[in-house]
Structure formats: C-alpha cells, structure tokens
Amino acid sequence: MLSNETSIQIQYCRILCIYFMIVVHIPPWLEHAHIPSFFEPIKIFYYDIFSRSSVTALSCISGFLIYFTIIKRDWLNVVVSRCKSIVVPMAFWNSVTIIFALIILYTLGKPLPASNLVIESSHFEVVVNGIFSLNNKPAAGSLAFLRDLFVCVLLSFPLAALIKRFSWLVLVAAVIVHLTISFQPLVFRGTILVAFITGLTVAYSIGHLKISIFLRLLYVLGLIVVFLIEFSNASQFYLYNEFKRLTLSLVLIDLSYVLTKFRKFKWLLWLAPSTFLVYLTHELVFMMLWGGWVLVFGNEITPQYLAFFFFIPVLWFLLIAITLPLISYFPAFLQVLIKGKVS
C-alpha cells in the first residue's frame with residue numbers, strides 16, 4: 001500500500017518537476033536563442049541542470065505509482081484507463097495547437113512548427129504523428145513525453161513480472177540496452193523508460209521514496225560536481241549526462257520528501273491537481289503570450305524579459321488551479337478531452 005506520506009511526497013515532486021519542465025519551453029526557446037551574458041547562469045540552472053533531470057524524476061515516480069495500480073487491476077483495465085487519461089487529452093491539445101498555428105498562418109502569415117507540420121506532411125501523417133505522436137514528435141513537441149509515458153504503461157505489466165522474478169537485474173539490463181543499443185523507436189527518449197523501470201523496481205523492492213543518508217551524501221557530492229562542471233565549462237566525463245540526471249532526480253525526490261515535514265509548505269498542495277493540465281496547455285499558452293510580448297518588447301532576451309520568464313509559469317499554475325474547479329461543471333466528455341478525467 002502507498003502510504004499517505006509518500007502520496008504527499010509525490011504530489012510535491014510533480015509540482016517541482018512540472019515547473020522545471022515547462023519553464024524551458026518559454027519562448028524564445030533557450031536551446032536555440034541567442035543567450036546574453038546576464039541570462040547565461042539562468043539558462044544553465046534551468047535548462048542545462050534541472051529541466052531534463054525533472055523529466056527523469058517524473059518518469060521515475062510515474063513508474064513507482066503505476067506499480068501500486070497494476071497489483072490491483074488487470075492489464076486491459078489499466079491500459080484503457082491510461083489511454084483515456086493520457087492519450088485522449090494529448091491528442092486533443094495537439095489538435096488545438098495545430099488549429100491555432102493554422103489560424104496564425106492564414107491571418108498573420110507567420111508559420112509555426114505545427115503549421116509547417118501540416119503543410120509538409122500528408123493528412124495521414126498529421127493524424128498519426130502530429131496528433132497521436134506514433135513515431136515522431138507531435139504538434140506540441142513537449143507532449144511527446146506523454147506518448148513515451150503511455151508506452152511505458154503498456155510495458156508495465158511484463159516489466160513488473162520480470163522485476164518480481166529478477167529484481168534489480170531488470171534495471172541493470174535496461175541501463176545496458178539504453179547505453180549500448182537504444183530503446184528507439186519504442187520510446188523517443190530511453191532515459192524515460194529506464195527511469196520508469198527504476199520507479200517500478202523501487203516500488204516492488206523498497207515500497208517508498210525516502211532517500212537514505214548514504215544516498216543523500218552521494219547526491220550532495222554529485223550536485224557539487226554538476227554545478228562545478230556546468231558553471232565552469234569544464235570538460236564532461238563519460239556518462240556525465242546520465243550522472244547528472246540521476247543526481248538531480250534524487251535531489252528533486254528528496255526535496256519533495258523534506259517538504260512533507262514542513263506544514264508551512266502545505267499550501268503548495270493546492271497546486272497539485274492542476275499540474276497535468278498545466279503541462280498539457282503550457283506550450284500553446286506560452287506561444288500565445290509570447291506573441292503579445294514580442295509586439296510590445298520585441299523578441300530579444302533583455303532584462304525586461306526576466307519578468308516574462310519568471311512570472312508566466314507561476315501565473316499559469318495559479319490560473320489553472322483557480323479555474324480547475326469550474327471545469328468540473330463541463331460535460332463529462334469535454335472534461336476528458338481537456339484534462340483526461342471527470343471530476
């Protein structure tokens with residue numbers, strides 16, 4: 001059984017992970033933008049250190065959670081349930097993104113990635129990849145994570161059976177495959193599947209997400225190494241990215257556990273139910289807000305841009321948390337389209 005403490009820890013972890021995952025999707029997209037010197041440390045902290053690691057942490061707790069679901073329900077029931085809660089809203093918001101991009105293209109003449117996808121692909125490819133992300137990234141590129149997560153759910157039953165028989169050896173095998181062969185095209189990012197298997201293994205073998213003192217010491221040392229390398233431009237050692245993701249995942253999971261011990265942070269749990277809808281909508285909303293920002297301030301990263309970068313994600317979290325109760329009055333089918341479940 002999942003303890004109440006672990007359940008609350010997972011809610012905190014979701015909030016932290018989703019925040020770091022959406023921040024890096026704020027235009028003008030830090031991976032490709034010209035980064036002025038004053039913004040470089042912020043880019044390193046968010047994009048280079050915490051963003052990708054938060055994906056790993058969230059994948060791990062997803063695997064941990066699914067274990068406690070599959071021991072009580074049959075495979076078909078779980079797959080249908082997760083199809084409804086993951087695939088349906090993913091497809092809906094990809095469709096909305098495509099419609100928005102086409103409106104912008106035909107009214108303002110400005111192409112967006114989603115409109116380019118429609119123009120350059122057949123109708124079949126738009127549906128299969130642009131909406132359902134079968135073998136390529138979807139219209140809202142960040143939602144490819146949900147596609148990979150659903151694939152992990154499909155594999156969860158056989159994986160759990162193997163873990164019950166071979167325990168941690170399954171995780172070792174998964175790491176070897178990831179490093180030497182690849183899990184593509186099964187999943188776009190092999191680290192998601194490896195982290196998911198880690199969560200399954202921890203759930204079966206340990207049953208909680210408390211970090212031991214020994215692991216805490218290791219991740220503190222690892223964190224020092226990561227920050228030294230990232231902020232000094234030192235050369236990266238072999239498997240550094242995997243080391244970084246593991247270290248920061250432990251940090252996020254342990255920080256979530258620490259938050260459960262302080263009542264003064266309990267108000268953050270108010271945001272927990274909104275995390276999924278925040279993630280589903282963030283790329284589209286940030287694109288819309290960026291269009292307005294560019295009209296007034298231009299598309300360069302300036303000191304004024306800091307207000308946009310730091311304020312918009314927090315604002316969107318708050319707005320979703322406030323409006324989420326109103327969505328519960330929508331027809332059931334519309335609730336499923338928007339957020340994957342009926343309140």
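Between the side chain of R147 and the backbone N or O of F132, no donor-acceptor pair lies under 3.5 Å. In terms of modelled atom types and a separation under 3.5 Å, the side chain of T281 and the main chain of L277 share a donor-acceptor contact. Formation of a donor-acceptor pair under 3.5 Å by the N116 side chain with backbone atoms of P111 is not found in this model. Judged by distance alone, with hydrogens and angles left aside, the side-chain atoms of Q11 form no donor-acceptor pair with the main-chain N or O of A272 at under 3.5 Å. Remark: the backbone N or O of F188 is not paired with any side-chain donor or acceptor of K137 at under 3.5 angstrom. Formation of a donor-acceptor pair under 3.5 Å by the Y257 side chain with backbone atoms of E5 is not found in this model. With Y305 contributing its side chain and F39 its backbone, the two residues share no donor-acceptor pair below 3.5 Å. Judged by distance alone, with hydrogens and angles left aside, the side-chain atoms of Q335 form a donor-acceptor pair with the main-chain N or O of S343 at under 3.5 Å.
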Kindly determine whether H208 and S3 satisfy side chain to side chain contact (heavy atoms under 4.5 Å, CB included), including the steps that lead there. CA-CA 8 Å; H208 62 78; S3 70; 5.7 Å; no
Determine, step by step, whether L252 and F50 satisfy the side chain to side chain contact (heavy atoms under 4.5 Å, CB included) criterion, reporting the C-alpha distance in whole Å, the side-chain angles of both residues, the deciding distance to 0.1 Å, and the verdict. CA-CA 9 Å; L252 290 168; F50 273 99; 4.1 Å; yes
ring-ring contact (aromatic ring centres under 6.0 Å, His included) evaluation trace for F237 with Y240: CA-CA 5 Å; F237 51 82; Y240 168 73; 5.4 Å; yes
Dump the intermediate steps for side chain to side chain contact (heavy atoms under 4.5 Å, CB included) on F38 and L306, then the final yes or no. CA-CA 10 Å; F38 78 88; L306 291 175; 4.1 Å; yes
Working for side-chain hydrogen bond (donor to acceptor under 3.5 Å, both in side chains), residues E300 and T302: CA-CA 6 Å; E300 298 296 323; T302 61; over 6 Å; no
Can you list the steps and then say if Y219 with R216 is a side chain to side chain contact (heavy atoms under 4.5 Å, CB included)? CA-CA 5 Å; Y219 84 59; R216 190 172 289 173; 3.7 Å; yes
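Hydrophobic clustering (ILVMFWY, side-chain heavy atoms < 4.5 Å, transitive): V278 and L146 are in one cluster. Side-chain heavy atoms closer than 4.5 Å link hydrophobic residues (I, L, V, M, F, W, Y) into clusters, and following such links, even through other members, never connects I213 to V251. In the hydrophobic clustering of ILVMFWY residues, with side-chain heavy atoms under 4.5 Å counting as a link, M21 and L255 come out together. Hydrophobic cluster membership differs between I197 and I176, with clusters built from Ile, Leu, Val, Met, Phe, Trp and Tyr side chains linked at under 4.5 angstrom. L134 and F145 fall into different hydrophobic clusters, defined by Ile, Leu, Val, Met, Phe, Trp and Tyr side-chain heavy atoms under 4.5 Å apart, directly or through other members.
Of the options F308, F309, F297, a ring pair (Phe, Tyr, Trp, His ring centres under 6.0 Å) to W290 is made by F308 and by none of the others. Checked options L334, V88, I327; the residue passing with K339 is I327 (criterion: side chain to side chain contact (heavy atoms under 4.5 Å, CB included)).
Other residues, nucleotides and ligands contribute over 12 non-hydrogen atoms within 6.0 Å of the CH2 atom of W270. Within 6.0 Å of the NZ atom in K261, the count of heavy atoms belonging to other residues, nucleotides or ligands exceeds 12.
Counting heavy atoms from C-beta outward, W75 and I70 have side chains that stay 4.5 Å or more apart. Residues F183 and V194 form a side-chain contact, since some pair of their non-hydrogen atoms from C-beta on lies under 4.5 Å apart. The side-chain heavy atoms of I44 and F227, taken from C-beta on, include no pair separated by under 4.5 Å. Within the 4.5 Å cutoff, side-chain heavy atoms of W93 are placed close to those of I338. No side-chain heavy atom of P28 sits less than 4.5 Å from a side-chain heavy atom of N299. Residues V285 and L319 are not in side-chain contact: their nearest non-hydrogen atoms beyond the backbone lie 4.5 Å or more apart. Inter-residue side-chain proximity for S62 and L149 is flagged as met; some heavy-atom pair is nearer than 4.5 Å. Annotation: side chain of V23 is not in contact with side chain of F310 (no heavy-atom distance under 4.5 Å).
Note: L271 CG to I322 CD1 = 9.5 Å, rounded to the nearest 0.5 Å. Atom OG of S81 sits about 11.0 Å away from atom CG of L76, to the nearest 0.5 Å. The CD1 atom of I26 sits 9.5 Å away from atom CG of L289, with the distance rounded to the nearest 0.5 Å. Between the CZ atom in R82 and the CG atom in N77 there is a gap of 9.0 Å [rounded to 0.5 Å]. Once rounded to the nearest 0.5 Å, the distance linking CZ of F265 with OG1 of T260 reads 11.5 Å. Interatomic distance, L284 CG to F286 CZ, rounded to the nearest 0.5 Å: 10.5 Å.
Summarising the geometry of V118 relative to I98, their closest heavy-atom pair is CG2-CG2, 3.5 Å, with the distance given to 0.1 Å. The minimum heavy-atom distance between I10 and F64, with the atom names listed, is CD1-CD2, 3.9 Å. The two atoms that bring V24 and S51 nearest to each other are CG2-OG, 3.1 Å, heavy atoms only. Closest of all the heavy-atom pairs between S59 and I192 is OG-CG2, 3.5 Å. Minimum heavy-atom separation, F196 to V153: CZ-N, 4.1 Å. Between L280 and P89, the shortest heavy-atom contact is CD1-CB, 3.7 Å.
In summary, K43 and E230 do not engage in a salt bridge, as defined by a charged side-chain N under 4.0 Å from a carboxylate O.
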